[in-house]
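Each remark here refers to the structure printed beneath this line.
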Amino acid sequence: MDWDVLRQYAPILLRGFGITILAWAFGTVFGMALGLVISLAQRYGARPVRWVLQAYIEVVRGTPFLVQLFVLYYGGPLVGLRLDALPAGLVGLTIYGSPYFAEIFRSGFDAVPPGQAEAARAIGMAEPAIVRRILLPLGLVSALPALVNFSIILTKETVILSVITVPELMYQVQRMSTETFRYLEANLVLALFFWGLVELISRGGRRLETRITRHLLERPGHG
Amino acid sequence: MADASSVEIRGVDKFYGSFQALSAIDLSVPPGKVTCLIGPSGSGKSTLLRCINFLEVYDSGEIRIDGRMIGYDAPGGRRMSGGALRRMRQSIGMVFQQFNLWPHMTARENVAEGLLRVRRLRRAEAMARAEAALEKVGLGDRMDNHPARLSGGQQQRVAIARAIAMEPRLMLFDEPTSALDPELVGEVLGVMKTLAGEGMTMVVVTHEMGFAAHVADRVAFMDRGELVAVDTPEAILTRPEDPRIQSFLRTFHERNSF
């Protein structure tokens, strides 16, 4: 192990890790938001809307992220969409994640017993209020473990942004490797950083889960 | 109950594909009276009940509440608008076999939800009315509990409070005690008796023959999607003429004897 090289590259590695976290957070937040909109539109939208969205889901899920990124970054300018590497990467991650998030939300909504919405309909509640007050909170609870899981998968997809020169952690590790030939150290740093990030997300997810299911689990209380 | 609703059901048919779940049902529910629907499982009694607030779509015939048709703008006509349907449902309370309380809300929030989102009352007033409704069903000390912390009987009483807080003129009960442990049935039937005593119009799908015998004004017997007979509890339960009712009551007595 060559600690001097690591110390020398620490600043750029940390900056790379910062961009990795930014890309992950952006892709998770906006991918989830887009996925939620897609799943609601698929549930309540007109038939043509549902067809278009289903096609979108199939295409995005059925192609490698690397190819999507190339098309967006190198193919974009051909249709007048000129994005810098980082914005292209952020948009790419959002698009890549959205169909998976949409499917997770769909199964979450499906897990809400129909009687829940029926009780709301029976007192005269309108459909938007039923979505907001009943379907969303209960669907989110069922979806949470899968949402956390996919956001963990997404951390590792960020490394692919290095191929379009986004200066995230993988990119900096490659730079360090080629400049110093310290492949082992560089990749060890990469592994450690990711392991720490994933550990943090999964712990956060578990805490969130405990918090929001607190009232939903039947406990032998004072009955 | 000054303004209890009446329900008129005329020639109602309901199909699931080619299976006819309801055949030419005629039934009058007079205001302020309790009508029990009994019959073997699969006879269509829950389906008929759910047609009354249009949770279940009937295919032909008409169901009128206080003279106003629900579900369609005229017999054989177009579906009524969502807004008009919601307005009618506001004055029809419903209690389900599985309670269907919202698990992420406390008892008080469950009861207040309709007052806030449908009646659009102010928060303080909605909460006060929710508390009054919960007091009425004997759960004044359970308002801050989530459903998971309540027994089945308590959950069903919260569900009744949720319905009556909306000040309905008609209450529909879909096997309200069938999911309860035997020792919890009494507390729910007790609340229903009180409501009946106040002159609420009630339609109750039930297997509780004791309740039908002592509380109902009229008992309707259904079998295979048909309404076989409607009469006083006495006439249906103690001296039935129709062999289908006789055989239903016989199996019922056998199941409940030691």
Side-chain angles (χ1 to χ4, degrees), chain A residues 36 40-41 43-47 104-105 107-148 205 207-223, chain B residues 49-50 52-56 82-106 109-111 113-120 141-142 144-155 159 162-168 171-172 174 181 184:
Chain A
L36 180 60
L40 286 174
R43 212 179 163 83
Y44 293 99
R47 195 166 296 173
I104 292 169
F105 282 121
S107 72
F109 292 147
D110 287 349
V112 178
Q116 292 289 314
E118 231 167 44
R121 232 166 266 139
I123 55 170
M125 235 161 138
E127 215 57 37
I130 296 175
V131 170
R132 206 158 33 84
R133 302 285 304 166
I134 316 287
L135 199 65
L136 265 180
L138 294 175
L140 275 177
V141 170
S142 323
L144 187 65
L147 290 175
V148 171
R207 283 182 72 158
L208 197 62
E209 214 179 309
T210 325
R211 256 191 64 168
I212 65 173
T213 55
R214 198 175 30 173
H215 297 301
L216 303 182
L217 304 173
E218 231 168 287
R219 283 171 302 183
H222 27 266
Chain B
L49 186 84
R50 291 162 56 84
I52 296 177
N53 65 354
F54 212 63
L55 276 185
E56 205 77 64
L85 181 58
R86 288 198 295 276
R87 272 191 297 283
M88 286 191 79
R89 280 177 175 163
Q90 284 182 34
S91 49
I92 308 171
M94 187 162 197
V95 174
F96 300 86
Q97 181 177 356
Q98 299 297 338
F99 327 135
N100 294 352
L101 291 181
W102 300 305
H104 53 308
M105 301 181 195
T106 64
E109 289 164 347
N110 263 280
V111 180
E113 186 68 9
L115 300 172
L116 289 166
R117 316 282 151 196
V118 180
R119 287 253 188 273
R120 307 218 166 266
D141 55 341
R142 285 277 184 259
D144 293 312
N145 283 127
H146 282 77
R149 297 301 297 265
L150 299 171
S151 71
Q154 290 170 333
Q155 289 188 55
R162 175 171 69 177
I164 62 176
M166 297 289 286
E167 298 173 335
M171 286 280 290
L172 309 174
D174 190 2
D181 291 337
L184 303 175

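Convention: sequence-line order gives letters A, B, ...; per-chain numbering from 1.
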If you compare all heavy atoms of [X] against all heavy atoms of [Y], which two are closest, and at what distance to 0.1 Å?
X	Y	value
B:F96	A:A122	CZ-CB, 4.1 Å
A:G124	B:Q90	CA-CG, 4.5 Å
A:L138	B:P103	CD2-CG, 3.6 Å

Approximate separation, where rounding is to 0.5 Å, of [X] [atom1] and [Y] [atom2]:
X	Y	atom1	atom2	value
A:H215	B:M105	NE2	CE	12.5 Å
A:I130	B:R117	CD1	CZ	12.5 Å
B:R89	A:M125	CZ	CE	13.0 Å

Given heavy-atom pairs under 4.5 angstrom as the criterion, report whether the side chain, backbone, both or neither of A:I123 touches chain B.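 Its backbone and side chain both get close to chain B.
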[X] portion near chain A, given a 4.5 angstrom heavy-atom threshold:
X	answer
B:M88	neither
B:R50	side chain
B:L55	side chain

Checking B:H104 side chain against A:R133 main chain: does a donor-acceptor pair fall under 3.5 Å? yes
Counting distance only, does the side-chain N/O of A:Q116 pair as donor-acceptor with the main-chain N or O of B:L101 below 3.5 Å? yes
Heaviest contributor of heavy-atom pairs below 4.5 Å to chain B, chosen from A:A117, A:A120, A:P113, is A:A120
Between B:L85, B:V118, B:T106, who has the most heavy-atom pairs with chain A when the cutoff is under 4.5 Å? B:V118
Within 6.0 angstrom of A:R43 CZ, more than 12 heavy atoms from elsewhere: yes
